[in-house]
**Student:** 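Please see the structure below; I have some questions.
Because only heavy atoms are used, hydrogens play no part in the values below, and waters and symmetry mates are left out as well, while side chains stay in. Quick note on labels: first sequence line is chain A, next is B, and so on, each numbered from 1.
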Number of protein chains: 2
Amino acid sequence: MPRAATTTDVFNAVAEPLRRRILDFLARGEQPVNAVVDSLRLCQPQVSKHLGVLKQVGLVSVRGNGRQRLYRVNAEGLKPIHDWVMAYEKLWADRLDRLDDYLQRLQSEGTPDDR
Amino acid sequence: MPRAATTTDVFNAVAEPLRRRILDFLARGEQPVNAVVDSLRLCQPQVSKHLGVLKQVGLVSVRGNGRQRLYRVNAEGLKPIHDWVMAYEKLWADRLDRLDDYLQRLQSEGTPDDR
DNA sequence: GATTTATATTCCGATATGGGTATACGTCAA
DNA sequence: TTGACGTATACCCATATCGGAATATAAATC
């Protein structure tokens, strides 16, 4: 079985660098497809496809305006990732604390060597 | 070109649900491979491979102990994801604020219907 | 209705992924 | 040395991904 469907899983949808860049661009505000195409210098079908994926997982929403389709970020869609990562923040914060301790000890003891 | 190498990109490494579960398990503390195998009920080669990916992207570190290999989470490796997602937190926080406003308005005006 | 503009969809090929099975490697014990 | 245990690796298959080119759909304009 290959990876969980990219169209189902937010983690997967965001695993694609281009989709992240598209989201980053849309974060500035609602934009039509062509704005993405021009800004990121991509082929239009490619952009449409990536936007399709982002839409399926709920990371963007669309609104038709004449012949344009305006895409906007739905940041709440990132909450699963946020929540998951946050659970680890404490872990590495602890390590950073220990690093701080270490560095402070170094300082008070004088630098032992190089690195 | 297929997706960016799973062994290079932290986002990608974590896109695989099983790898997330493995990380979650390791978050409780350093564990040998077999503990993962038993706990998650997976095949051993599968686990070794996923651990290999996690190691390559720096999400876990290994330490040999006799014939065991003890894996431990390196939570700092998740920082890129953390940083990226945090940039969006404000966006959806705003929306939640608006939701708060909405709910408060509802309450002060009396519940319109049910739910 | 015909044409242009904006976007979506389809089909294709190359590639790498994840799972499975078998096997190799490394370490400890007898 | 031989064997048992813990883990890593190699190989194969089925599948889905991304990108590209061509084409289809939808809406506005003439």
**Student:** Which nucleotide, C:dT7, D:dC18, C:dG18, lies nearest any side-chain atom of B:Glu16?
**Tutor:**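 The listed nucleotide nearest to B:Glu16's side chain is C:dG18.
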
**Student:** Between B:His50 and A:Gln68, who's closer to the 5' end of DNA chain C by nearest nucleotide?
**Tutor:**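 Its nearest nucleotide lies further toward 5', so the answer is A:Gln68.
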
**Student:** What does the list of N/O pairs under 3.5 Å between the protein and nucleotides 21-27 of chain C look like, with a distance for each?
**Tutor:**
none

**Student:** Calculate the interatomic distance between B:Ile22 atom CD1 and C:dG19 atom C1'; express it in whole Å.
**Tutor:**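 To the nearest whole Å, that distance equals 13 Å.
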
**Student:** When you measure from the side-chain N and O atoms of A:Tyr71 to the phosphate of C:dA8, is any distance below 4.0 Å, counting only OP1 and OP2?
**Tutor:**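 For A:Tyr71, the contact criterion (side-chain N or O under 4.0 Å from OP1 or OP2 of C:dA8) is met.
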
**Student:** Within the pair B:Asn34 and D:dT7, is there a side-chain N or O less than 4.0 Å away from OP1 or OP2?
**Tutor:** yes

**Student:** Applying side chain to side chain contact (heavy atoms under 4.5 Å, CB included) between B:Leu59 and each of B:Leu78, B:Val73, B:Val53, B:Leu26, report the one that passes.
**Tutor:** B:Leu78

**Student:** Would you indicate whether the side-chain heavy atoms of B:Leu51 and B:Arg69 approach each other to under 4.5 Å?
**Tutor:** no

**Student:** Figure out the CG/C1' separation between B:Leu51 and D:dT9, and round it to whole Å.
**Tutor:** 14 Å

**Student:** Going through the checks in order, is the side-chain contact (heavy atoms from CB on, under 4.5 Å) test met by A:Leu40 and A:Val47?
**Tutor:** CA-CA 9 Å; A:Leu40 303 187; A:Val47 171; over 6 Å; no

**Student:** I need the CG-P distance between A:Asn12 and D:dT17, as an integer number of Å.
**Tutor:** 8 Å

**Student:** Tell me what A:Leu18 touches on the nucleic acid: a base, only sugar-phosphate, or nothing, going by heavy atoms under 4.0 Å.
**Tutor:** sugar-phosphate

**Student:** Quiz question: by atom type and distance under 3.5 Å, do the side chains of A:Glu89 and B:His82 form a donor-acceptor pair?
**Tutor:** yes

**Student:** Work out which heavy atom in A:Ala27 is nearest to a heavy atom in B:Leu91; give both atom names and the distance.
**Tutor:**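 Result for this residue pair: CB-CD1, 4.2 Å.
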
**Student:** Flag yes if A:Leu42 and A:Val60 sit in one hydrophobic cluster, no otherwise; membership is Ile, Leu, Val, Met, Phe, Trp, Tyr, and two members link when side-chain heavy atoms are under 4.5 Å apart.
**Tutor:** yes

**Student:** Nearest whole angstrom, please: distance from the C1' of D:dT17 to the CD of A:Gln56.
**Tutor:** 14 Å

**Student:** Quickly work out the A:Lys55 NZ to C:dT7 P distance and round it to whole Å.
**Tutor:** 13 Å

**Student:** To the nearest 10°, give me the bend of the helix from C:dG1-D:dC30 to C:dA30-D:dT1, comparing the axes of its five terminal pairs at either end.
**Tutor:**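 The value is 10°.
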
**Student:** Between P on D:dC18 and CG on A:Leu42, what's the gap in Å once rounded to a whole number?
**Tutor:** 13 Å

**Student:** Are the side chains of A:Val14 and A:Leu23 in contact, using a 4.5 Å heavy-atom criterion?
**Tutor:**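 Result yes, sub-4.5 Å side-chain heavy-atom pair found.
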
**Student:** Quick one: closest heavy-atom pair of A:Pro80 and A:Glu76, and the distance?
**Tutor:**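 Closest pair (atom of A:Pro80, atom of A:Glu76, distance): CD-O, 4.2 Å.
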
**Student:** More than 12 non-hydrogen atoms from neighbouring residues, nucleotides or ligands closer than 6.0 Å to CZ on A:Arg21, yes or no?
**Tutor:**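 For A:Arg21, atom CZ is not crowded (no more than 12 foreign heavy atoms under 6.0 Å).
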
**Student:** Between A:Arg69 and C:dA6, does any side-chain N or O lie under 4.0 Å from OP1 or OP2?
**Tutor:**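 Answer is no, no contact under 4.0 Å.
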
**Student:** Under the side-chain contact (heavy atoms from CB on, under 4.5 Å) rule, what do B:Met86 and A:Met86 come out as? Steps first, then yes or no, please.
**Tutor:** CA-CA 10 Å; B:Met86 284 320 251; A:Met86 284 320 249; 3.7 Å; yes

**Student:** Expressed as a whole number of angstroms, how long is the span from B:Asp38:CG to D:dG6:P?
**Tutor:**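 Between P of D:dG6 and CG of B:Asp38: 9 Å.
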
**Student:** Please determine, by modelled atom types, if A:Asp24 and B:Tyr88 share a side-chain donor-acceptor pair under 3.5 angstrom.
**Tutor:** yes

**Student:** Between D:dT7 atom P and B:Leu54 atom CG, what is the distance in whole Å?
**Tutor:** 16 Å

**Student:** Give me, pair by pair, the N or O atoms of the protein and of nucleotides 1-3 of chain C that are less than 3.5 Å apart, along with how far apart they are.
**Tutor:**
none

**Student:** Look at the side-chain heavy atoms of Ile, Leu, Val, Met, Phe, Trp and Tyr, link any pair under 4.5 Å apart, and say whether B:Tyr71 and B:Leu18 land in one connected group.
**Tutor:**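 Same cluster: B:Tyr71 reaches B:Leu18 through Ile, Leu, Val, Met, Phe, Trp or Tyr contacts under 4.5 Å.
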
